[in-house]
Amino acid sequence: MPIRVEWDTEEQLALRYTYPYEWNWKDFEEASTLAWQLIEQHSAAVCEIIELPDRFAIPDDIFSHLRHIGSQRHPRSVTLVVVGLPPIAESLYQTFSRIYPHLARGYWLANSLPEARLIVQERLKEFAA
């Protein structure tokens with residue numbers, strides 16, 4: 001099942017990626033390509049929200065993809081907020097943050113979609129200042 005990519009709101013302040021229970025690296029690449037195209041059509045800075053299901057399977061070989069994941073963001077993407085990170089994935093995030101601190105600076109964690117939207121608003125205000 002593919003990863004759904006769409007503008008989170010009509011104002012197009014953030015792209016939202018909705019992950020299914022199972023996904024693979026091909027799904028990830030396709031979602032990244034679509035996101036890049038959507039951001040290219042937008043002239044302002046944007047944020048990205050990753051919405052995870054309550055449970056999901058992490059594809060094999062995650063550690064070899066961490067650097068690629070972190071460096072693949074569009075230059076106009078100022079923040080990426082992850083919603084609903086389960087404990088195992090939160091551990092992966094902590095590892096990623098230690099290995100690639102310069103890439104992790106633009107990442108935030110949220111417990112809900114409304115919280116993620118508040119982070120997006122704050123980050124865009126900071127970016128515009």
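In what follows, residues are counted from 1 in the order of the sequence shown.
- Ala110 and Ala116 get closest at one heavy-atom pair: CB-N, 3.8 Å.
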| task | Show your working on side chain to side chain contact (heavy atoms under 4.5 Å, CB included) between Leu15 and Trp7 and close with a plain yes or no. | result | CA-CA 4 Å; Leu15 279 179; Trp7 290 109; 3.6 Å; yes
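- In this structure, CZ on Arg117 lies 6.0 Å from CZ on Arg16, to the nearest 0.5 angstrom.
- Residues His42 and Glu11 approach most closely at NE2-O, 4.4 Å, considering heavy atoms.
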For residues 46-54, run the donor-acceptor check on the side chains, cut-off 3.5 Å, and write out each pair with its distance to 0.1 Å, sequence neighbours left out.
{"from": "Glu48", "atom 1": "OE1", "to": "Tyr17", "atom 2": "OH", "distance (Å)": "2.2"}
{"from": "Glu48", "atom 1": "OE2", "to": "Ser77", "atom 2": "OG", "distance (Å)": "2.4"}

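- No continuous path of hydrophobic side-chain contacts links Leu118 to Leu109 [ILVMFWY only; heavy atoms under 4.5 Å].
- Between Glu115 atom CD and Trp108 atom CH2 the span is 10.5 Å, to the nearest 0.5 Å.
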| Can Leu38 and Gln41 be said to form a side chain to side chain contact (heavy atoms under 4.5 Å, CB included), step by step? | CA-CA 5 Å; Leu38 290 170; Gln41 295 169 7; 4.1 Å; yes
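- Partners of Glu10 under the salt bridge (charged side-chain N to carboxylate O under 4.0 Å, His left out) rule, at least two apart in sequence or in another chain, do not exist in this structure.
- Once rounded to the nearest 0.5 Å, the distance linking OH of Tyr107 with CG of Leu80 reads 5.5 Å.
- By the salt bridge (charged side-chain N to carboxylate O under 4.0 Å, His left out) test, Arg76 pairs with no residue at all, sequence neighbours left out.
- Of the inter-residue distances, the one linking Thr18 atom OG1 with Glu6 atom CD reads 5.5 Å to the nearest 0.5 angstrom.
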| request: Would you sort out whether Lys125 and Glu122 count as a salt bridge (Lys or Arg N to Asp or Glu O under 4.0 Å), showing the intermediate values? | output: CA-CA 5 Å; Lys125 281 181 197 173; Glu122 288 301 314; 3.6 Å; yes
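- A salt bridge links Glu126 to Arg123: at least one charged side-chain nitrogen sits closer than 4.0 Å to a carboxylate oxygen.
- Residues Ala45 and Val78 come closest through the heavy atom pair CB-CG1, 3.8 Å.
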| field | Residue pair Asp8, Leu13: steps toward the side chain to side chain contact (heavy atoms under 4.5 Å, CB included) verdict | value | CA-CA 7 Å; Asp8 183 51; Leu13 301 176; over 6 Å; no
